Amino acid sequence: MITYRSTRAPSGAITLETAIADGLARDGGLNVPNTLPHLDMDAVRAAAANGYAAVAEMVLAPFFKGTRLEAEAGRLIGETYSADVFRHADVAPLTSLGKHGTVLELFHGPTLAFKDFALQLLGRLFDALSGAQSGPLTILGATSGDTGSAAIEACRGRDNVRIVMLHPKGRVSEVQRRQMTTVVEDNVLNIAVEGSFDDCQALVKAAFGDLDFRDRMHLTAVHSINWARIMAQIVYYVWAVVQPAYVGKSPSFSVPTGNFGDIYAGYLARRMGAPIGELMIATNANDILVRTLETGAYRKAAAEPSLSPSMDIQVASNFERLLLDAYGGDAAAVAANLTALKEAGVFQLSADALAYVRSHFRASRASDADCIDVMTRVWADTGYCVDPHTATGLVAAQALENPAEVITLGTAHPAKFPGAVRQAIGEDPTLPPHMAGLFDRPERMTTLPADLGALKAALEAF
Ligand SMILES: *Cc1c(COP(=O)(O)O)cnc(C)c1O
C-alpha cells in the first residue's frame, strides 16, 4: 500500500483515506507519497483505446490498492470521467495549433476549467469516505476563481459534506463568481474576503492551524494542497503522451501555473515513467517561481491583478512538495525554509536544491500584453480562441526548443474570461449551452474582512 508523509516530518505512514480527509497534514505540511508506482506504458497505451476513464483507472489503481476505497475506486473513476460530467467524447482532447504547438483541452467539465478533473473525483471520494465520519465534513477552501466553482459543483447537494469557499472580493471574473454564488443548495456558503487570494489562503491555513476548531468543525481542504487532487491530475499527462501523435516521442509541457499543483502532477507523471520532455512553469506577472529559478531566493511579493486571475498567486503552496525532493527528503530543511518564509517573507534555496529544481523545470513569465498578443495571433492564424491562462502557456512554450511540438495545458475555456477575449479578438466568446442563464440567476454570498475571528464566527453560524 502506498502511504504518505508530511513534507515537514522525517517519516510517516499516513493512509490515503487520511490524506484525503485531512487535506493539510496536521503539522502544517503537505502530504506526499513515500513511494511512487511505475507505469507500464505499453499497458497504458492499450488502455487508451478504451478512453480516458480506462487510462485513469490504470494510472490511479496503485494509489487505491489496499485502501478502504479500493473496491469502489473503479466505479467512482468511471462515473467521474463520463459523458455525464465531461462534455467531450475524448474528455481531454488535443488540438493542434501549428507553430503555436498543441493545446490539451482540460475545460470540458461542468465549470469549464481543469480543476473539474480533480474535484469531480474528490467530491465522490469525500462522499464515499464520509460514512465513517462522526459528522458531516466541512470543506474549507480559498479560491482565486476556478477551484471554488469546481469544488462547489462537485459537492453541491451531497448529504455528508458542507462547503465554505473564500474568494478575494472583486478579484475573480464575473463568470467565475456567478458560477459559485448562483448555486442554490444549502450546503454551500460563499464568502467574499476583503483582500487578495493570498489573504484568503492565509485565512484557510490559519483556520486549519487551530486544531481544536479544525476537529470540532471536521474541516477538510479541497484546494491543491489535498493530495487526491494532485493524484488525479497525473492522469492527463499520461493520457496525452500515449496519443498516437506522440509514439516514440517525449513531448514537453507548458503549464499555466499559480499554486504549482498542476505542474507538480506532471513532474510526478514523469517520475512514474511517462515519456515527458521539459516541464515549463508558465506564469503571469505574479512570477515568484520564475524569480526563484533565476536567483534561488523564494521571495513573496504582493499579488498583482492580471488578465489571468486564477494565477494571481505569489505563494505557490505546492512548491513545498518539490522542496522535499530538492532537499533529498530532509524535512527539517523544508520546515526551516517555510518558517523563514513566514517570518521574513523569503528563503534561499541551497545550491544543491536549486540545481535540482533547475534540472527538472524551466520557467517563463508573460505579461498581459504578451497574452493578448498570442491570443490575437492564434485567432488570426487558426481561428481558435484561447483563454488568457492558456495564453501564458503558449507564450512560455515559445521559449522551449521546437515550440510546435510542445503541449500547452488548456486550463480554462475562453468563455470564462470574456473581457480578455474581447480585447484580443474583438468579439465575445460563446458560453456553452449548459451555462446559459448564468447572468440571470440570483447570487448568494457573505462579505467578510480578512480576519480569522470573523471567519470562525461565520463558520460556527453556518
Ligand atoms: C488554478 C488554475 C491555474 C493554476 O494551476 P495551479 O495548479 O494552481 O498551478 C491555471 N489556470 C487556470 C485556469 C486555473 O484555474
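Reckoned from all heavy atoms, side chains included, excluding hydrogens, waters and symmetry mates. Model, not experiment: these values are computed from the prediction. All ligand and atom numbering here is 1-based and tracks the order in the structure.
Residue D146 approaches ligand 1 through these ligand atoms, each under 4.0 Å from one of its heavy atoms: 12 (C), 13 (C), 14 (C), 15 (O). The contact set between ligand 1 and A412, taken as ligand atoms under 4.0 Å from a residue heavy atom, comprises 13 (C). For ligand 1, the atoms lying closer than 4.0 Å to a non-hydrogen atom of K115 are 1 (C), 2 (C), 3 (C), 14 (C), 15 (O). Listed by number with element, the atoms of ligand 1 under 4.0 Å from a non-hydrogen atom of D262 are 7 (O). In summary, the atoms of ligand 1 found under 4.0 Å from a heavy atom of T257, numbered by their order in the structure, are 9 (O). In summary, the atoms of ligand 1 found under 4.0 Å from a heavy atom of T411, numbered by their order in the structure, are 10 (C), 11 (N), 12 (C), 13 (C).
Proximity of F260 to ligand 1, defined as any heavy-atom pair under 4.0 Å, is confined to the backbone N, CA, C and O atoms.
Scanning P256, G393, A118 for the heavy atom closest to atom 10 (C) of ligand 1 points to P256.
Taking any N or O of N259, backbone or side chain, at least one lies under 3.5 Å from an N or O belonging to ligand 1. Residue G261 has at least one nitrogen or oxygen atom sitting less than 3.5 Å from a nitrogen or oxygen atom of ligand 1, judged on distance alone.
In this structure, G410 and V103 approach most closely via the heavy-atom pair CA-CG1, 3.6 Å. What you find for A228 and I20 is that their closest heavy atoms are CB-CG1, 3.8 Å.
No hydrogens or angles considered: nothing links the side chains of R229 and N226 as a donor-acceptor pair under 3.5 Å. In this model, no donor atom of one side chain and acceptor atom of the other lie less than 3.5 Å apart for T111 and E153.
For the pair D287 and R291, the salt-bridge criterion is met [side-chain N within less than 4.0 Å of a carboxylate O]. Under 4.0 Å is where a charged nitrogen must lie from a carboxylate oxygen, and between K300 and D198 no such pair does. Here R8 does not pair with D27 in a salt bridge; the nearest charged N to carboxylate O distance is not below 4.0 Å.
No more than 12 heavy atoms of other residues, nucleotides or ligands sit less than 6.0 Å from atom CZ of R299.
At a 4.0 Å cut-off, at least one heavy atom of F114 sits close enough to ligand 1 to count as contact.
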